[in-house]
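Reminder, nothing fancy here: chain letters follow the sequence lines and each chain counts from 1.
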Amino acid sequence: MKKTGLKDLPNAVNGNVVLRFAPNPNGPLTLGHARGVTINSEYAKNYDGKVVLRFDDTDSKVKPPLRDAYTWIEEDYKWLTGKEPDIIVRASERMEIYMKYAKKMLNEGFGYVCKCSAENFKKLRDNSKECPCRMKDPKENLSDWNEMISGLLSEGMAVVRVKTDMNLPNPALRDWPALRIQHTPHPMVGDKYKVWPLLDFQSAIEDYEQGVTHIIRGKDLMDSTRKQTLLYNHFGWEYPETLYWGRVKIHEFGSFSTSGMRGEIENKNYSGWDDPRLPTLRALRRRGFDSDAMRDFWIDLGLTQKDISVSLQTIESFNSSKIDSKCERRVFVRNPQIIRLDENNVEIERKLVLNKHPLNEIKGHREWDLEDLDIYIESTDLGANEIRLKDFADVEIQDSVGIIQSIDRTDKRKIIHWLPKTIAKKAILTIPKGNEIIIQEGMMEDIEIMKNSIVQLERVGYAKIESNNDDVVKLLWLHG
RNA sequence: GCUCGUGUGGUGUAGUUCGGUCCAUCAUGCCGCCCUUUCGAGGCGGCGACCCGGGUUCAAAUCCCGGCACGAGCACCA
């Protein structure tokens, strides 16, 4: 008995579930982010809950936020889920809250300002030794804190730590850092703050503030859960239910990082964030991927901790089943060769009426005029002598002449697509392949070519019509 | 090294909590067939897996022990 959709969320109360999706706004969303958006929004839908879109923009130095990315991410989120997030928060706008809790931590003695160097502290930590700063009383910590936030101390000179236990078996959890000094101006709030929280602190506080009930995150963040649980214990809060997913690799896309792409785009190696070779949602959307298909794909993968590697083909297959009934058929003949048809005393129709969709899922027809008997076929189809022109007739090819043998199909010969010269228009198909762009020129059926629509080029594959002017149709490859 | 996690066909996934209904689900892939309407749409059929070794049991993908493999964290990144 196969369950459809996602497994139940542990301890979830219908109508009382709060989830969150927390990207770093340093670029638009990628295919990988789509998993987080999909899983969280799907659970919210199933439990009549809410999703918080939270921008974790607390690092202006290593991963500087991009002003435009906030809007891009909201657009991408909306495209994929079909709705706005229930709540949107920006960490950089909520600094006062984090500062308040930091101060409280210092006041109540479960946090301290540590002035040890990073290397020094690591040495002590790895030997389960406490650092001298740990002994300070709240008063001294508060005065050090004031030095930090006033800008008196420069970067690297001090950090606020959460007191845990130096004998914890996992060294990563011992007195972990919560806030650090950062003087690089923030693109959204400038140089107003000299101290910024680290992910584990900011995220923990914000989850509490937003009443998050379920956190779904990568398993690389398992230690974050443990660290944050320790902090929650100090504050007397109850930590949310936490679920994890493993890493996903898509065969066809190498290892792209958002910051890597950003650099490549700035260096003009890609035309922009929607360059069809890129794994961004905007690129995929531009090519014609359907948002529901993408959601179906991620829901089908489900939520497991396994590190997986999947093929784009799987997503494409989901996409085909979603879009096929909406895609009209058209002919596109690559590397066209002219063939002159010879009626050979066979009585033929001078007007062919073809369905827009083979199963007639899209009503309507395309009418082909056959007054002129010059037609195009693909040069690679020239090899066989006897072929069948799809939806028309069996022909024998001899020296660029196609001798019509029969209107009815008489044998199992290859069926090829073709196009009367009179209704052919020049077209260029752009195919992103790995890091390459392949250009295929040919002739396309010049019937109702509508910009931005996706058509199935018979025997070729799906493509999006990107533009159509007087001389040429520009097509962008989707998939086979 | 320390800490944590994961191992079901080519790729994913269901089943593992409470052992039998599992000679293991579904999708994708591959192969083949059908369709005078696509080699690439659609329909139909086929191929193919429980990491290894012990143990418990009438019975193990499921429980126990021991290996092995892979991955992640150990940042004043997110």
What does the B/S/- profile of nucleotides 30-35 of chain B look like, 5' to 3', with a 4.0 Å heavy-atom cutoff to protein?
----SS
Any-strand Watson-Crick or G-U partner of B:rU62, both distances under 3.5 Å
none
Given atom NZ of A:K61 and atom P of B:rC77, what is their separation to the nearest angstrom?
8 Å
Find the partner of B:rC18: check Watson-Crick (N1-N3 plus N6-O4 or O6-N4) and G-U wobble (N1-O2, O6-N3) distances, both under 3.5 Å, and reply none if neither fits.
none
Nearest to the side chain of A:K306, heavy atoms from C-beta on, is which of B:rU8, B:rC76, B:rA78?
B:rU8
Under 4.0 Å, heavy atoms only, any strand: does A:S309 hit a base, just the sugar-phosphate, or nothing?
sugar-phosphate
Do A:R334's NZ or CZ and the ring of A:Y376 fall within the cation-pi criteria of under 6.0 Å and 45°?
no
Does either side chain, that of A:H183 or that of A:D191, offer a donor lying less than 3.5 Å from an acceptor on the other one?
no
Counting any heavy atom closer than 4.0 Å, what does A:F55 reach on the DNA or RNA strands: base, sugar-phosphate only, or nothing?
nothing
Is any side-chain heavy atom of A:F256 less than 4.5 Å from a side-chain heavy atom of A:T30?
no
Looking for any heavy atom pair under 4.0 Å, which part of the strands does A:L301 touch: base, sugar-phosphate only, or nothing?
sugar-phosphate
Measuring only the C1' atom in each nucleotide, how far is B:rA49 from B:rA24? A whole number of Å is fine.
9 Å
Is the closest side-chain donor-acceptor distance between A:H357 and A:D324 under 3.5 Å?
yes
Any A:Q202 side-chain heavy atom under 4.5 Å of A:W196 side chain:
no
Scan A:D59 against the nucleic acid and name what it touches under 4.0 Å (heavy atoms): base, sugar-phosphate only, or nothing.
sugar-phosphate
Regarding A:N355, tell me which of base, sugar-phosphate or nothing describes its non-hydrogen contacts under 4.0 Å with the strands shown.
base
Does any nucleotide pair with B:rC39 by Watson-Crick or G-U wobble geometry, both distances under 3.5 Å, and what is it?
none
Indicate whether any N or O donor in one side chain lies under 3.5 Å from an N or O acceptor in the other, for A:E140 and A:Y112.
no
Nearest-Å distance, NZ (A:K249) to P (B:rU6)?
20 Å
Measure from the side chain of A:R459, starting at C-beta and using heavy atoms only, and say which of B:rA78, B:rU37, B:rG40 lies closest.
B:rG40
With sugar-phosphate meaning primed atoms plus P, OP1 and OP2, does A:E458 contact a base, only sugar-phosphate, or nothing at under 4.0 Å between heavy atoms?
base
Residue whose nearest RNA chain B nucleotide is more 5′ - A:I416 or A:R247
A:I416
Does A:Q440 reach the side chain of A:I428, with side-chain heavy atoms less than 4.5 Å apart?
no
Between CH2 of A:W418 and C1' of B:rC39 the distance, given in whole Å, is 19 Å
For A:P358, answer base if it contacts any base atom (sugar-phosphate contacts may also be present), sugar-phosphate if it contacts only those atoms, and nothing otherwise; contact means non-hydrogen atoms under 4.0 Å.
base
For A:N360 and A:K363, indicate whether the former's side chain and the latter's backbone hold a donor-acceptor pair under 3.5 Å.
no
The nucleotide from B:rU36, B:rA27, B:rA78 with an atom nearest the side chain of A:R388 is B:rU36
Could you let me know what B:rC44 is paired to, Watson-Crick or G-U wobble, both distances under 3.5 Å, or none if it's on its own?
B:rG32
When rounded to whole Å, the NZ to C1' distance for the pair A:K227 and B:rC4 reads 13 Å
Candidate nucleotides B:rU38, B:rG29, B:rG5, ranked by approach to the side chain of A:S317 - the nearest
B:rG29
note: A:H251, atom NE2; B:rU11, atom P; distance rounded to Å ~ 8 Å
Under 4.0 Å, heavy atoms only, any strand: does A:L354 hit a base, just the sugar-phosphate, or nothing?
nothing
Reading RNA chain B from 5' onward, which residue's closest nucleotide shows up sooner: A:K390 or A:G156?
A:K390
Over all strands shown, is A:T304 touching base, sugar-phosphate only, or nothing at heavy-atom distances under 4.0 angstrom?
sugar-phosphate
Please report the distance separating the C1' of B:rG19 from the corresponding atom of B:rG12, rounded so that it comes out in whole Å.
27 Å
Pairing partner (Watson-Crick or G-U wobble, both distances under 3.5 angstrom) of B:rC4:
B:rG71
Check the distance between B:rU6's P and A:L243's CG and give it to me in whole angstrom.
13 Å
Please give, in whole Å, the distance from B:rG40 P to A:F332 CZ?
19 Å
Over how many whole Å does the gap from A:L168 atom CG to B:rC2 atom P extend?
17 Å
Side-chain heavy atoms of A:H417 within contact of A:V333, under 4.5 Å
yes
Starting the side chain at C-beta, find the nucleotide from B:rG73, B:rU38, B:rG5 nearest to A:R329.
B:rU38
Please give the distance between the C1' atoms of B:rC2 and B:rA59 as a whole number of Å.
41 Å
Distance col, row A:I387:CD1 vs A:I415:CD1, nearest 0.5 angstrom, shows 10.5 Å
Please tell me which of the listed nucleotides, B:rU3, B:rG12, B:rU37, lies nearest to the side chain of A:V310?
B:rG12
With sugar-phosphate meaning primed atoms plus P, OP1 and OP2, does A:R334 contact a base, only sugar-phosphate, or nothing at under 4.0 Å between heavy atoms?
base
Any base atoms under 4.0 Å from A:G480, or only sugar-phosphate, or nothing? Heavy atoms, all strands.
sugar-phosphate
Answer with base, sugar-phosphate or nothing: what part of the nucleic acid does A:K122 contact at a heavy-atom distance below 4.0 Å?
sugar-phosphate
Write down the partner of B:rC23 under the Watson-Crick or G-U wobble criteria, each distance required to be under 3.5 Å.
none
Could you check which nucleotide pairs with B:rC50 in any of the strands shown, counting Watson-Crick or G-U wobble with both distances under 3.5 Å?
none
Cation over ring, A:R90 on A:Y70, under 6.0 Å and within 45°?
yes
Base, sugar-phosphate alone, or nothing: which one does A:T58 contact when heavy atoms must sit under 4.0 Å apart?
sugar-phosphate
Given the C1' atoms of B:rG46 and B:rC51, what is the spacing between them in whole Å?
28 Å
